[in-house]
Amino acid sequence: MYAQLVKSEGKKSAEEMSPEERAFQDRVDRGEKIEPKEWMPEGYRKTLIRQIGQHAHSEIVGQLPEGNWITRAPTLERKAILLAKVQDEAGHGLYLYCAAETLGISRDQLLDKLHDGSMKYSSIFNYPTLTWADIGAVGWLVDGAAIMNQVPLQKTSFGPYSRAMIRICKEESFHQRQGYDIMMKMAQGTPEQKAMAQDALNRFWSPALMMFGPSDKESVHSAQSMAWKIKIDTNDELRQKFVDQTVPQAEYLGLSIPDPNLKWNEEKKGYDFSEPDWTEFFEVIAGNGPCNRERLGARVKAWEDGAWFRDALVAHAEKDAARRAAARVAAE
Amino acid sequence: MAAAEIAVDRATLFEFLTRMGDNTLILGHRVSEWCGHAPVLEEDIALANTALDLIGQTHFWLGLAGEVEGKGRSADALAFLRDASGFRNALLVERPNGDFGQTLMRQFLFDAWHHVMLTALTGSSDPRVAEIAAKALKEVSYHLERSGDLIVRLGDGTAESHARMQRALDDMWSYVGELFIADETDRAIAGAGIAPDPASLRPQWEAIVGEVLHEATLKVPTTTYVHKGGRRGIHTEHLGYILADMQFLQRAYPGATW
């Protein structure tokens with residue numbers, strides 16, 4: 001997942017569409033995949049760049065809250081699993097930047113937009129990981145929410161995005177399992193461990209619900225994205241699915257969901273639950289979450305500190321090419 | 001295996017195995033500190049992968065150390081419940097990360113040693129040691145290829161990268177010699193054919209390092225001074241902080257399972 005509030009344009013009716021646009025929409029409706037070299041509406045391209053870019057940025061910023069506990073992981077096995085997970089996330093970032101590049105924007109351009117704040121990453125990564133149980137909660141809830149959104153996106157209309165999602169989903173389900181496994185160990189552990197697990201759930205529950213983005217009532221950009229099959233389910237549908245799936249998992253752990261209004265609704269065959277605090281959500285999006293400055297600051301610092309490294313690789317490649325060219329000339 | 005255990009006592013073999021496992025543990029820890037902060041995404045991936053390999057190797061070395069010791073200590077008990085003076089890693093691997101050039105230089109100097117050491121250990125008289133070495137060697141061959149390649153590209157890159165790499169080399173150089181100094185333990189282990197005499201690895205190491213540094217247009221430092229102590233438990237101030245991080249949960253919640 002990791003794409004929230006992606007701006008799109010208003011949905012066009014069949015009459016408003018040009019013949020090209022109509023033919024494009026027919027292909028999407030038939031379930032055909034759109035490939036990079038093929039004609040596509042400019043709005044489709046732009047929306048996809050925003051969405052895939054935001055997703056890619058989320059993967060790389062997402063390394064930070066988990067990386068925060070790699071050096072303090074409690075066993076060698078947990079350390080190895082967490083390293084593997086964070087490495088996967090960097091890999092997901094790589095596939096996604098590559099998918100975005102097929103739409104005509106480079107990774108460096110996208111990173112510039114991340115660094116100057118004009119592109120966002122998921123709000124969830126602006127929350128701190130305060131205890132080891134938070135690493136469990138991130139895997140269980142955050143990756144769980146991400147999977148909810150990404151599984152349907154495997155069927156998205158844009159070929160490279162769909163293929164990236166297929167690869168990513170395989171790894172995400174392992175991530176969620178490892179998170180749940182950490183929670184399980186803690187929930188069944190000492191009283192202190194159990195308290196840590198409950199505290200992590202208390203802090204991450206509402207931010208996890210926010211990952212799906214604002215309520216459908218507020219979400220003005222969904223209709224066009226859904227017509228283009230860039231977005232498959234609505235925010236509220238996904239949020240409902242996530243709650244319905246997660247509540248029994250929490251019960252199995254013996255932890256309580258921090259929501260007094262949570263109640264099974266027999267009629268809709270799903271849970272009723274409180275809306276997350278949208279004021280908080282918009283504050284986090286606006287840059288006022290607990291870790292916004294640190295997260296973005298860390299990424300900008302990594303990029304700036306690494307400039308000499310990247311420049312050197314380019315300089316070496318140029319020297320090397322010049323030497324080889326000279327050797328060829330000498331040989332002739 | 002039986003022959004090896006007759007030839008050296010448990011304590012000596014334990015000492016040797018913790019030297020191997022502590023090197024990989026502490027370097028793996030240092031490398032993992034980069035997670036999410038590398039200069040380019042491919043390096044984030046490569047560093048996480050290197051750290052993952054090193055932590056995996058630690059599991060084998062310290063697991064065997066615990067078994068040999070015979071006091072019921074697991075690899076985790078050794079990693080998370082010894083204090084600094086119980087650690088046997090060389091000082092080189094606990095050097096702070098510094099800039100990315102220093103991290104890479106430390107890695108390269110270590111990888112070159114690690115590679116010649118593991119190659120020799122694949123012929124160990126102790127089949128358990130030979131088996132771990134064979135597994136680790138596959139990973140370390142890649143580490144060496146990668147770090148060597150980057151040393152060349154950065155040494156022979158821009159004026160700035162050249163200066164940074166030369167500084168990194170000068171800073172790290174006096175911490176390398178420790179890897180080649182033999183003490184009683186090394187002599188006993190070498191005598192039993194479990195591992196080579198550390199000094200015997202130096203020519204091969206110099207050949208690898210010399211070639212890369214030459215291609216990287218870097219000057220081999222002239223200093224011959226050697227900082228040492230890690231392999232007998234006398235560390236720099238840095239190790240205490242590494243352990244404070246690494247061992248926090250195991251120390252704060254004794255006996256909990258994770």
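The chains referred to below are lettered A, B, ... by the order of the sequence lines, with proteins before strands, and numbering in each begins at 1.
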>> What part of B/Arg164 gets within 4.5 angstrom of chain A, counting heavy atoms only: side chain, backbone, both, or neither?
In response: side chain

> Relative to chain A, which segment of B/Ala79 carries a heavy atom at a distance below 4.5 Å: side chain, backbone, both, or neither?
Replying inline: side chain

> Is there a donor-acceptor contact under 3.5 Å from the side chain of A/Lys194 to the main chain of A/Gly189?
Replying inline: no

>> Heavy-atom pairs under 4.5 Å with chain B - which of A/Gly62, A/Gly306, A/Gly67, A/Ala90 has more of them than the others?
In response: A/Ala90

> Highest number of heavy-atom pairs under 4.5 Å with chain A: which of B/Val40, B/Ile45, B/Leu150, B/Thr158?
Replying inline: B/Ile45

> Any luck finding a side-chain donor-acceptor pair between B/Thr24 and B/Thr58 under 3.5 Å?
Replying inline: yes

>> Given heavy-atom pairs under 4.5 angstrom as the criterion, report whether the side chain, backbone, both or neither of B/Leu47 touches chain A.
In response: neither

> Side chain, backbone, both or neither: which part of A/Met183 has a non-hydrogen atom closer than 4.5 Å to chain B?
Replying inline: neither

>> Heavy-atom pairs under 4.5 Å with chain B: which of A/Leu64, A/Thr131, A/Thr190 has the most?
In response: A/Leu64

> Between A/Leu111, A/Leu94, A/Asp320, which shows the greatest number of heavy-atom pairs under 4.5 Å with chain B?
Replying inline: A/Leu94

> So what's closer than 4.5 Å to chain A heavy atoms on B/Leu104: side chain, backbone, both or neither?
Replying inline: side chain

> Given the side-chain rings of B/Phe100 and A/Trp308, with only the six-membered ring counted for Trp, is the space between their centroids under 6.0 Å?
Replying inline: no

>> Please rank B/Gln250, B/His162, B/Glu33, B/His37 by heavy-atom pairs under 4.5 Å with chain A and give me the top one.
In response: B/His37

> Between CD of A/Gln54 and OG of A/Ser122, what distance do you get to the nearest 0.5 Å?
Replying inline: 7.5 Å

> Does the pair A/Tyr97 and A/His57 meet the rule for a ring pair (Phe, Tyr, Trp, His ring centres under 6.0 Å), with working shown?
Replying inline: CA-CA 9 Å; A/Tyr97 285 122; A/His57 295 332; 5.6 Å; yes

> What part of B/Asp99 gets closer than 4.5 Å to chain A, counting heavy atoms only: side chain, backbone, both or neither?
Replying inline: side chain

> Can you tell which of A/Glu192, A/Met186, A/Arg299 has the highest number of heavy-atom pairs within less than 4.5 Å of chain B?
Replying inline: A/Arg299

> Where is the tightest heavy-atom contact between B/Phe16 and B/Leu121, given as atom of each residue plus distance?
Replying inline: CZ-CD2, 3.9 Å

> Do any of residues 237-248 of chain B have a heavy atom less than 4.5 Å from a heavy atom of chain A, and if so, which, in residue order?
Replying inline: B/Asp245, B/Met246, B/Phe248

> Quick one: what part of A/Ala73 sits under 4.5 Å from any heavy atom of chain B, side chain, backbone, both or neither?
Replying inline: backbone

> Which value, rounded to the nearest 0.5 Å, describes the distance between A/Ile182 atom CD1 and A/Gln193 atom CD?
Replying inline: 11.5 Å

> Do NZ/NE/NH1/NH2 and the carboxylate oxygens of A/Arg323 and B/Asp156 come within less than 4.0 Å?
Replying inline: yes

>> I'd like to know if B/Arg128 and B/Glu131 make a salt bridge, using a cut-off of under 4.0 Å between side-chain N and carboxylate O.
In response: no

> Which word best sums up how the rings of B/Tyr253 and B/Trp258 line up, parallel for under 30°, tilted for 30 to 60°, or perpendicular for over 60°?
Replying inline: perpendicular

> Cation-pi between A/Arg295 and A/Tyr121: NZ/CZ under 6.0 Å from ring centre and within 45° of the ring axis?
Replying inline: no

> Mind checking whether A/Arg72 and A/Trp132 have side chains closer than 4.5 Å, heavy atoms only?
Replying inline: no

